[in-house]
Amino acid sequence: MSLRFALLGLLAVEPASGYDLKRAIDRSTYFIWNATGPQIYNTLHKLRDEGYVTSQSLPQVGKPDKQIHTITPSGRTALQRFMSEPIRASVTRDEVLLRIFLGNFASKDTMRRELVAYLDRIRSERAYLETTKARVEAHPGKKHEARRYQLLSLRLKVAQYRAMEQELTTFLGTDAAAPTRNGGKSESPDKAKAKRGRQAPERPTRRRAGKAGSRL
C-alpha cells in the first residue's frame, strides 16, 4: 500500500520516469521503503488507471519512448489524505530476527558466524546513511522544510542501527566467553571477520550518494 504513496510523494516533487523513480528510491527512501523495478512500473500503471498520475511519451534517439509520469490534482489529494491519517502500526516480518529468535536450533558456531556477518552489514549500512546525512546537511537546497523531515528519518534509522550494533556487540562479547559444543572458545567478532578474510560489504553502485545538492 505505501509504495503508491512513496511514488506519489516523489512525483509531487517533480515529474519522472519509472527509471528515474527507481534511482530516486535507491538513493533516498530505500532504507524506509524499497521496491524493485517491476513493482514500481506495476504500481504506476494502477495509479494511472485511478487517475492519480498522467503519462506522456518522450521520444528518444535509438531508444524506446520514455514515459514521463506527472501527479494529478487527484493524486495530490490522495497523498494529502494519506498523510493526514493516523499512523498505523505496520505488520512486522523480519526474517533475520526470526532466525535469531530460533537460534537455539542451529549450532553455536553457525549462529555466531551469522551474527558477526549481520553486524558487519549493519555497520556498513549505518556508515552509508551517515555519509548521506552529511551530504544533505552540507547541501540543504531550497526545500528546507522537506529536508527537516528527511533528515529526521535518516537520524532515526541511524539511531536504530547504532542500538542494534550495541546489542549485537554485547551479545557476541558475552557469548565469546561461553564454551562451544566442541569444548573450545568462540572467536571474537573482529577475529572472526579477519579469519573470513573479507571486508564489510559495500553498497551497490546504484545507491552511492548523488551529486552535491541532489535530493535525498
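Side chains are part of it too, since the values below use all heavy atoms of this structure and drop only hydrogens, waters and symmetry mates.
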If hydrophobic clusters are built from ILVMFWY residues whose side chains come within less than 4.5 Å, do [X] and [Y] share one?
| X | Y | answer |
| --- | --- | --- |
| L97 | L119 | yes |
| I68 | I25 | no |
| F105 | L98 | yes |
| L152 | V158 | no |

When you measure from the side chain of [X] to the backbone of [Y], do you find a donor-acceptor pair of N or O atoms at a distance under 3.5 Å?
| X | Y | answer |
| --- | --- | --- |
| T77 | P73 | yes |
| D26 | R23 | no |
| K22 | A35 | yes |
| T169 | Q166 | no |

For the student: nearest non-hydrogen atoms of [X] and [Y], plus distance:
| X | Y | result |
| --- | --- | --- |
| S55 | Q67 | CB-OE1, 3.6 Å |
| Y161 | L129 | CE1-CD1, 3.5 Å |
| S2 | F82 | OG-CZ, 4.2 Å |
| M111 | G103 | CG-O, 3.4 Å |
| I40 | G18 | CG2-O, 4.2 Å |
| I122 | M164 | CD1-CE, 3.6 Å |

Legend entry - Check: L10 and D20 side chains under 4.5 Å, non-hydrogen atoms: no
Can you tell me how far [atom2] of [Y] sits from [atom1] of [X], rounded to the nearest 0.5 angstrom?
| X | Y | atom1 | atom2 | answer |
| --- | --- | --- | --- | --- |
| Y52 | K46 | OH | NZ | 13.5 Å |
| T43 | L3 | OG1 | CG | 4.0 Å |
| R123 | L168 | CZ | CG | 9.0 Å |
| R81 | S74 | CZ | OG | 9.0 Å |
| R48 | H45 | CZ | NE2 | 4.5 Å |
| D109 | E114 | CG | CD | 11.5 Å |

Legend entry - Partner of E130 by salt bridge (Lys or Arg N to Asp or Glu O under 4.0 Å), out of R162, K157, R135, R155: R162
Legend entry - side-chain contact (heavy atoms from CB on, under 4.5 Å) between I71 and T54, worked out: CA-CA 6 Å; I71 191 171; T54 59; over 6 Å; no
Inset, instruction - Begin with the C-alpha distance, continue with both residues' side-chain angles, and end with the deciding distance and a verdict on side-chain contact (heavy atoms from CB on, under 4.5 Å) for L58 and D65. - result: CA-CA 5 Å; L58 180 65; D65 291 351; over 6 Å; no
Inset, instruction - Using a strict cut-off of less than 4.0 Å between a Lys/Arg side-chain nitrogen and an Asp/Glu carboxylate oxygen, indicate whether R99 and D94 qualify as a salt bridge. - result: no
Inset, instruction - Count the heavy atoms belonging to other residues, nucleotides or ligands that lie under 6.0 Å from CD of E50, then report whether that count exceeds 12. - result: yes
Inset, instruction - Using a cut-off of 6.0 Å, state whether more than 12 heavy atoms not belonging to E95 lie near its atom CD. - result: no
Legend entry - Passing option when L11 is tested against L47, T70, L79, L44 for side-chain contact (heavy atoms from CB on, under 4.5 Å): L44
Legend entry - Step-by-step salt bridge (Lys or Arg N to Asp or Glu O under 4.0 Å) determination, E137 to K133: CA-CA 6 Å; E137 289 176 334; K133 175 175 171 290; 3.2 Å; yes
